[in-house]
Amino acid sequence: MSCIIIGASHAGVQAAVNLRGQGYEGGITLISAEKVLPYQRPPLSKAFLQDTLPEQRLWLRPEAFYQQKHIDLKLNTRVTAINREQQTVVLENGDTLPYSQLILATGASVRRLNLPGSERKGIHYLRDHSDTSGIKAQLPDVTNVVVIGGGYIGLEAAASLNKMGKNVTVLVNTARPLQHLTSPVISDYLCRLHERNGVTIETNILATEITGGAHLDGVTCDNGKHYPADMVVAGIGVEPCTELAAMCGLAISNGVEVNGYMQTSDEHIYAIGDCANFHHAIYNKPLRIESVQNATDQAKTVAQAICNKASAYTALPWFWSDQYDAKLQIAGLSTGYDEVVVRQESDTSLAAFYFAKERLIAVDTINQPKSFMVARKHLPTLPNIDKTLLADPDVAVSDIFTGAEACLT
Ligand code: FAD
């Protein structure tokens, strides 16, 4: 009996850990295309970029851990094919490895700019350890940075680079940052926060060319403006890594399709984390989620399934983002909301509660951890909550949820 895990990040490492935790006695091979020990990705745009987190604290587990748990960690090793009939994987060097169970934890890779000048030096992306290291290596020579993209990665990069003394402009191709991810009240708060710190946010704008010689000197946009830059950081989204799955004929649609036990269309192959598309039990729709929580919780589900203790995946999605002194915490998915209730506890503490057809479906909080914790606990039942009380900062949030009517049981 042997399990191969392709991808050694939040999902893959946790799957290996959980397999051992569930008593799996077969061989575990954990394969990573990256050269460094498996690491946490969130600090890449936050503390590790700002140089306030030393590299040793980035590692998910110390090197000795893998040996102690008899997990064969293969770094700098890429899987190039899966042979489903023979139940083997093929490595870049031509070696083949047999598996009884295979877990795809291949994650996602960044979308790249496709405009004139996209090949110039000084353009960076933010996904891997090597991306952040590349940015940090160039920073001493940088004064002006243009960030392309107003999602979480773009905003976090902007906040970090601003903290490091750079002049930062963020180009957002929608009417507001995080337009597809949060409500106007949260976008507005974050915009003001960035602007107070000296970051310029330009909205409804499209970068059309990266200008300069071999090294870039700026970004031209569709409004005719030119923004000087020594560095461009692009955060324009990711695509799930599904090539291996597609090549061997597994079902794919916005990720590798899996059932509630993370099993693909081949009973011996599972997929978890950023690369997996599953039917979400609470929101009753297919979803692919990009978060540490999702990767970690699906790793637990897959280990249970492989160890014959199957329990379907039902975890509530949650996520966080850090920008300056704002700790943004999100529970649930707000997509499809029809009403937002705002709870403002101070100038720097607010929460947006999202309702759809009178059910609470999600919450975004900024520096309001209590609201996050309480809502996160109750959200799996999509409760019916008194909105007037929710908006009143003088009423304790825990009291409001006590005895709330559950809509999903
Ligand atoms: P990934 O982390 O993408 O890892 C997949 C791994 O598989 C990679 O190492 C890749 O090299 C490897 N791989 C792929 N194909 C092969 C192959 N053929 N052979 C061998 N190896 C292969 N989430 C949060 O919840 N909160 C945050 O604050 C947050 N901040 C983030 C900040 C940044 C800068 C980034 C990039 C992400 C952030 N995320 C955050 C998202 C979170 O990191 C991801 O959701 C999480 O890393 C997904 O884990 P994963 O294991 O599914 O995939």
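Worth knowing before you read on, the calculation uses all heavy atoms, side chains too, and leaves out hydrogens, waters and symmetry mates. Order of listing sets the numbers, starting from 1, for every ligand and every atom in it. Owing to the predicted nature of the structure, the values given are computational and were not obtained by experimental measurement.
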message = Under a 4.0 angstrom heavy-atom cut-off, which atoms of ligand 1 come close to Glu290?
response = 45 (O)
message = Quick check on contacts: which atoms of ligand 1 are under 4.0 angstrom from a heavy atom of Ala108?
response = 3 (O)
ask   = Can a donor-acceptor pair be found between the side chains of His124 and Gln138 at a distance below 3.5 Å?
value = yes
inquiry  = Within the supplied structure, the quantity of interest is the number of heavy atoms (other residues, nucleotides, ligands) at a distance under 6.0 Å from Lys69 NZ; does it exceed 12?
reply    = no
query = Can you tell me which residue and heavy atom of the protein come closest to atom 19 (N) of ligand 1, and the distance to 0.1 Å?
reply = Val79 N, 3.0 Å
Member of Asp141, Asp51, Asp131 meeting the salt bridge (Lys or Arg N to Asp or Glu O under 4.0 Å) criterion with Lys136 = Asp51
Atom pairs and distances, donor-acceptor, side-chain atoms in residues 226-240, under 3.5 Å, two or more places apart:
unit_1	atom_1	unit_2	atom_2	d
His226	NE2	Thr211	OG1	2.8
Tyr227	OH	Glu202	OE2	3.1
Asp230	OD2	Thr143	N	2.7
Asp230	OD2	Asn144	N	2.7
Glu239	OE2	Arg111	NE	2.7
Glu239	OE2	Arg111	NH2	3.4

inquiry  = With heavy-atom distances below 4.0 Å as the criterion, list the atoms of ligand 1 near Lys46.
reply    = 27 (C), 28 (O), 29 (C), 30 (N)
request  = Note the single closest protein heavy atom to atom 31 (C) of ligand 1, along with its residue, its atom name and the distance in Å.
outcome  = Pro42 CA, 3.6 Å
key: Test item, Asn294 contacting ligand 1 (heavy atom, 4.0 angstrom)   = no
message = Would Val292 count as being in polar contact with ligand 1, using the rule that some N or O on each side must be under 3.5 angstrom apart?
response = yes
inquiry  = Quick test: of every protein heavy atom, which one is nearest to atom 9 (O) of ligand 1, and how far off is it to 0.1 Å?
reply    = Glu34 OE2, 2.5 Å
message = With a 4.0 Å cut-off on N to O distance, would you call Arg41 and Asp128 a salt bridge?
response = yes
key: Proximity of Cys275 to ligand 1 by residue part, where a heavy atom lies under 4.0 Å   = neither
key: Candidate with minimal heavy-atom separation from atom 4 (O) of ligand 1, of Gly107, Ser9, Pro43   = Ser9
inquiry  = Salt bridge or not between Arg288 and Glu290? Use side-chain N to carboxylate O under 4.0 Å.
reply    = yes
remark   = Under 4.0 Å between heavy atoms, the region of Ile6 that gets near ligand 1 turns out to be side chain
remark   = The atoms of ligand 1 lying under 4.0 Å from a heavy atom of Leu126, numbered in the order shown, are 36 (C)
ask   = Which protein heavy atom lies closest to atom 48 (C) of ligand 1, and at what distance to 0.1 Å?
value = Asp274 OD1, 3.1 Å
message = I'd like to check which ligand 1 atoms, numbered from 1 as shown, lie under 4.0 Å from a non-hydrogen atom of Ser45.
response = 32 (C), 33 (C), 34 (C)
inquiry  = I want to know if ligand 1 touches Ala11 in the polar sense, i.e. an N/O pair below 3.5 angstrom.
reply    = yes
For Ser291, the ligand 1 atoms whose distance to one of its heavy atoms is below 4.0 Å = 23 (N), 25 (O), 45 (O)
request  = Please say whether Ser32 places an N or O atom under 3.5 Å from an N or O atom belonging to ligand 1.
outcome  = no
query = What are the atoms of ligand 1, with element, lying closer than 4.0 Å to any heavy atom of Ala105?
reply = 5 (C), 6 (C), 7 (O)
key: Check: Phe319 ring centre within less than 6.0 Å of Tyr152 ring centre   = yes
message = Give me the residue, atom name and distance of the protein heavy atom closest to atom 43 (O) of ligand 1.
response = Arg41 CB, 3.2 Å
query = Under 3.5 Å between some N or O of ligand 1 and some N or O of Leu244?
reply = no
key: Numbering as shown, the atoms of ligand 1 that approach Thr106 to under 4.0 Å (heavy-atom distance)   = 5 (C), 7 (O), 14 (C), 15 (N)
Nearest protein heavy atom with distance in Å, relative to atom 21 (N) of ligand 1 = Ala33 N, 3.1 Å
task = Quick one: look at Tyr152 and ligand 1, take heavy-atom pairs under 4.0 Å, and tell me if it's side chain, backbone, both or neither.
result = neither
task = Identify whether the distance between the nearest side-chain nitrogen and carboxylate oxygen of Asp322 and Lys46 falls below 4.0 Å.
result = no
inquiry  = Pairs of nitrogen or oxygen atoms closer than 3.5 Å, one from Arg127 and one from ligand 1: do any exist?
reply    = yes
query = Does Asn83 use its side chain to pair, donor to acceptor, with the backbone of Glu85 at less than 3.5 Å?
reply = yes
Protein contact to atom 23 (N) of ligand 1 [nearest heavy atom, distance to 0.1 Å] = Phe319 CE1, 3.3 Å
query = Within a radius of less than 6.0 Å around CZ of Arg84, do more than 12 heavy atoms belonging to other residues, nucleotides or ligands occur?
reply = yes
query = Is the closest side-chain heavy-atom distance between Tyr24 and Asn18 below 4.5 Å?
reply = no
inquiry  = Can you confirm whether Tyr189 sits close enough to Leu350 that some side-chain heavy atom of one is under 4.5 Å from a side-chain heavy atom of the other?
reply    = yes
query = Quick one: nearest non-hydrogen protein atom to atom 37 (C) of ligand 1, plus distance?
reply = Ile153 CD1, 4.1 Å
ask   = Does a donor on one side chain sit under 3.5 Å from an acceptor on the other, for Tyr354 and Glu339?
value = no
request  = Could I get the full list of side chain to side chain contact (heavy atoms under 4.5 Å, CB included) partners for His280, not counting sequence neighbours?
outcome  = Phe278, Ile282, Tyr283, Leu287, Ile289, Pro317
ask   = Does a side chain donor of either Ser100 or Gln87 reach within less than 3.5 Å of an acceptor in the other side chain?
value = no
